[in-house]
Amino acid sequence: MSEKLTMDRAEELLASTTTEDHLFQHALAVSACMGAMARHFGADESYWRAVGYLHDYDFEQFPQEHLKHTAEPLREAGVDEESIHAILAHGYGLCTDTVPESELDKSLYTVDELSGLISATARMHPAGIAELQVSSVKKKFKDKRFAAKIDRAVIQDGCARLGMELPDVIALCIEGMRPFAAELGIGPRQ
Ligand SMILES: [Fe+2]
């Protein structure tokens, strides 16, 4: 029987496949954004945070086959199907054909790339994310040369699927990431 994923279990599972600091940092950033999205939807915050934390489970070991080595090992580890579906759907159109269906799926699909853009923008500001404005992130969203690897089309598609405006999702993610500024390396400049 699988149980609803917990943060402790997500941390344990990610640590079994992952060693690189920046990947743990990315996991935490996505997890923090998912917490804010859960609050917005009145969903289970700790559950959404756990799913966010685990979403890149196989990425370090299989960067060229991302999400191809996820469903089976997670199922064997007792992870619930709802989590597995959301994790597979975050790569929709990029490395899977699992369509984001639920609010959980769509949120993860959207904040994965968006959290990276917010972190990169926060690093440009002396106060870090503490005083980061939604408008600054929007400007960087439009500047395609800034953090060029971040796929703006996915973020836009995600917002459309959520039925939300980009600035509202940015605001939620900033709010979600703020308490983790130090761990995310986006606190005030020393
Ligand atoms: Fe990711």
Engineer: Which atom pair, heavy atoms only, marks the closest approach of Phe180 to Ala32?
Structural biologist: CD1-CB, 3.5 Å
Engineer: Are Leu23 and Leu108 linked, directly or through other ILVMFWY residues, by side chains that come within less than 4.5 angstrom of each other?
Structural biologist: no
Engineer: Please report the C-alpha distance between Thr17 and Asp58 in whole Å, then the side-chain angles of each, then the deciding distance to 0.1 Å, and finally whether the side-chain contact (heavy atoms from CB on, under 4.5 Å) criterion is met.
Structural biologist: CA-CA 7 Å; Thr17 58; Asp58 73 359; over 6 Å; no
Engineer: With a 4.5 Å heavy-atom cut-off, do Met164 and Leu172 have their side chains touching?
Structural biologist: yes
Engineer: Is it true that, when you exclude Lys139 itself, more than 12 heavy atoms of the residues, nucleotides or ligands shown sit nearer than 6.0 Å to its NZ?
Structural biologist: no
Engineer: Using side chain to side chain donor-acceptor pair (under 3.5 Å), reason through Ser83 and Tyr47 one step at a time and then give a plain yes or no.
Structural biologist: CA-CA 9 Å; Ser83 300; Tyr47 175 60; 2.9 Å; yes
Engineer: Side chains of Leu14 and Phe59: does their closest heavy-atom pair fall under 4.5 Å?
Structural biologist: no
Engineer: Should Met7 and Ser46 be marked as a side-chain contact (heavy atoms from CB on, under 4.5 Å) after you check the CA-CA gap, both sets of side-chain angles, and the distance that decides it?
Structural biologist: CA-CA 7 Å; Met7 195 61 178; Ser46 58; over 6 Å; no
Engineer: Using modelled atom types only, decide if a donor and an acceptor are shared between the side chain of Arg178 and the backbone of Ile129 within a distance under 3.5 Å.
Structural biologist: yes
Engineer: Tell me whether Gln61 at atom CD has more than 12 heavy atoms from other residues, nucleotides or ligands lying less than 6.0 Å away.
Structural biologist: yes
Engineer: Would you say CD of Glu131 has more than 12 non-hydrogen atoms from neighbouring residues, nucleotides or ligands within 6.0 angstrom?
Structural biologist: no
Engineer: Quick one: do Glu3 and Arg9 make a salt bridge, cutoff under 4.0 Å?
Structural biologist: no
Engineer: Between Ala120 and Ala147, what is the shortest heavy-atom contact and its length?
Structural biologist: CB-CB, 4.3 Å
Engineer: Tell me, do Cys159 and Glu165 make a side-chain contact under 4.5 Å, heavy atoms counted?
Structural biologist: no
Engineer: Would you give the length of the straight line joining atom CG of Leu67 to atom OG1 of Thr98, rounded to the nearest 0.5 angstrom?
Structural biologist: 8.5 Å
Engineer: Linking I/L/V/M/F/W/Y whenever their side-chain heavy atoms sit closer than 4.5 Å, directly or via other members, would Ile150 and Tyr92 fall into one cluster?
Structural biologist: no
Engineer: Measuring from atom NZ of Lys138 to atom CG of Asp143, what distance do you get when rounded to the nearest 0.5 angstrom?
Structural biologist: 14.5 Å
Engineer: Is Val99 linked to Leu94 within one hydrophobic cluster, defined over Ile, Leu, Val, Met, Phe, Trp and Tyr using a side-chain heavy-atom separation of less than 4.5 Å?
Structural biologist: yes
Engineer: Please check if the side chain of Asp56 supplies one atom and the backbone of Ala27 the other of a donor-acceptor pair under 3.5 Å.
Structural biologist: no
Engineer: Show your reasoning for whether side-chain contact (heavy atoms from CB on, under 4.5 Å) applies to His85 and Leu104.
Structural biologist: CA-CA 9 Å; His85 191 275; Leu104 174 75; over 6 Å; no
Engineer: At their closest point, which heavy atom of Ala71 faces which heavy atom of Leu88, and how far apart are they?
Structural biologist: CB-CD1, 4.2 Å
Engineer: Any side-chain heavy-atom pair from Leu74 and Leu54 closer than 4.5 angstrom?
Structural biologist: yes
Engineer: Nearest 0.5 Å, please: how far is CD1 in Ile87 from CD in Glu82?
Structural biologist: 11.0 Å
Engineer: For the backbone of Met34 and the side chain of Arg39, can you confirm whether one donor and one acceptor N or O come within less than 3.5 Å of each other?
Structural biologist: no
Engineer: Kindly indicate, with the supporting measurements, whether the criterion side-chain contact (heavy atoms from CB on, under 4.5 Å) is fulfilled by Ser16 and Tyr57.
Structural biologist: CA-CA 9 Å; Ser16 73; Tyr57 172 77; 4.2 Å; yes
Engineer: Any donor-acceptor pair under 3.5 Å linking the side chain of Arg49 with the backbone of Thr6?
Structural biologist: no
Engineer: Considering only NZ, NE, NH1 and NH2 on the basic side and carboxylate oxygens on the acidic side, decide whether Asp105 and Arg161 come within less than 4.0 Å.
Structural biologist: no
Engineer: So, Glu60 side chain and Thr19 main chain: donor-acceptor pair closer than 3.5 Å or not?
Structural biologist: yes
Engineer: Roughly how far apart are Arg152 CZ and Lys144 NZ, rounded to 0.5 Å?
Structural biologist: 7.0 Å
Engineer: Decide yes or no for His55 and His26: does some side-chain heavy atom of the first lie under 4.5 Å from some side-chain heavy atom of the second?
Structural biologist: yes
Engineer: How long is the straight-line distance from CD1 of Ile84 back to OG1 of Thr70, given to the nearest 0.5 Å?
Structural biologist: 9.0 Å
Engineer: Counting C-beta onward and ignoring hydrogens, is there a side-chain heavy-atom pair between His90 and Lys106 closer than 4.5 Å?
Structural biologist: no
Engineer: What orientation do His69 and Phe62 show, parallel under 30°, tilted 30 to 60°, or perpendicular over 60°?
Structural biologist: parallel
Engineer: Given 3.5 Å as the limit, does a donor-acceptor pair link the side chain of Glu113 with the main chain of Asp151, or not?
Structural biologist: yes
Engineer: Closer than 3.5 angstrom, by distance alone: can the side chain of Ser136 be matched with the main-chain N or O of Leu132 as a donor-acceptor pair?
Structural biologist: no
Engineer: Show your working on salt bridge (charged side-chain N to carboxylate O under 4.0 Å, His left out) between Arg75 and Glu72 and close with a plain yes or no.
Structural biologist: CA-CA 5 Å; Arg75 213 163 269 148; Glu72 272 169 40; 5.7 Å; no
Engineer: Going by heavy atoms in the side chains, are Phe146 and Met124 under 4.5 Å from each other?
Structural biologist: yes
Engineer: Nearest 0.5 Å please: distance from the CZ atom of Arg123 over to the CD1 atom of Ile186.
Structural biologist: 7.0 Å
Engineer: So does Gly116 get a backbone contact from the side chain of Ser119, meaning a donor-acceptor N/O pair under 3.5 Å?
Structural biologist: no
Engineer: When you group the ILVMFWY residues by side-chain heavy-atom contacts below 4.5 Å and let the links chain together, are Leu184 and Ile118 in the same group?
Structural biologist: yes
Engineer: Checking the side chain of Ser31 only, and the main-chain atoms of Gly52 only, is there a donor and an acceptor separated by less than 3.5 Å?
Structural biologist: no
Engineer: Do Tyr109 and Asp157 have side-chain heavy atoms sitting under 4.5 Å apart?
Structural biologist: yes
Engineer: Please answer: with hydrophobic residues joined when any side-chain heavy atoms are less than 4.5 Å apart, are Val169 and Val154 in the same cluster?
Structural biologist: no
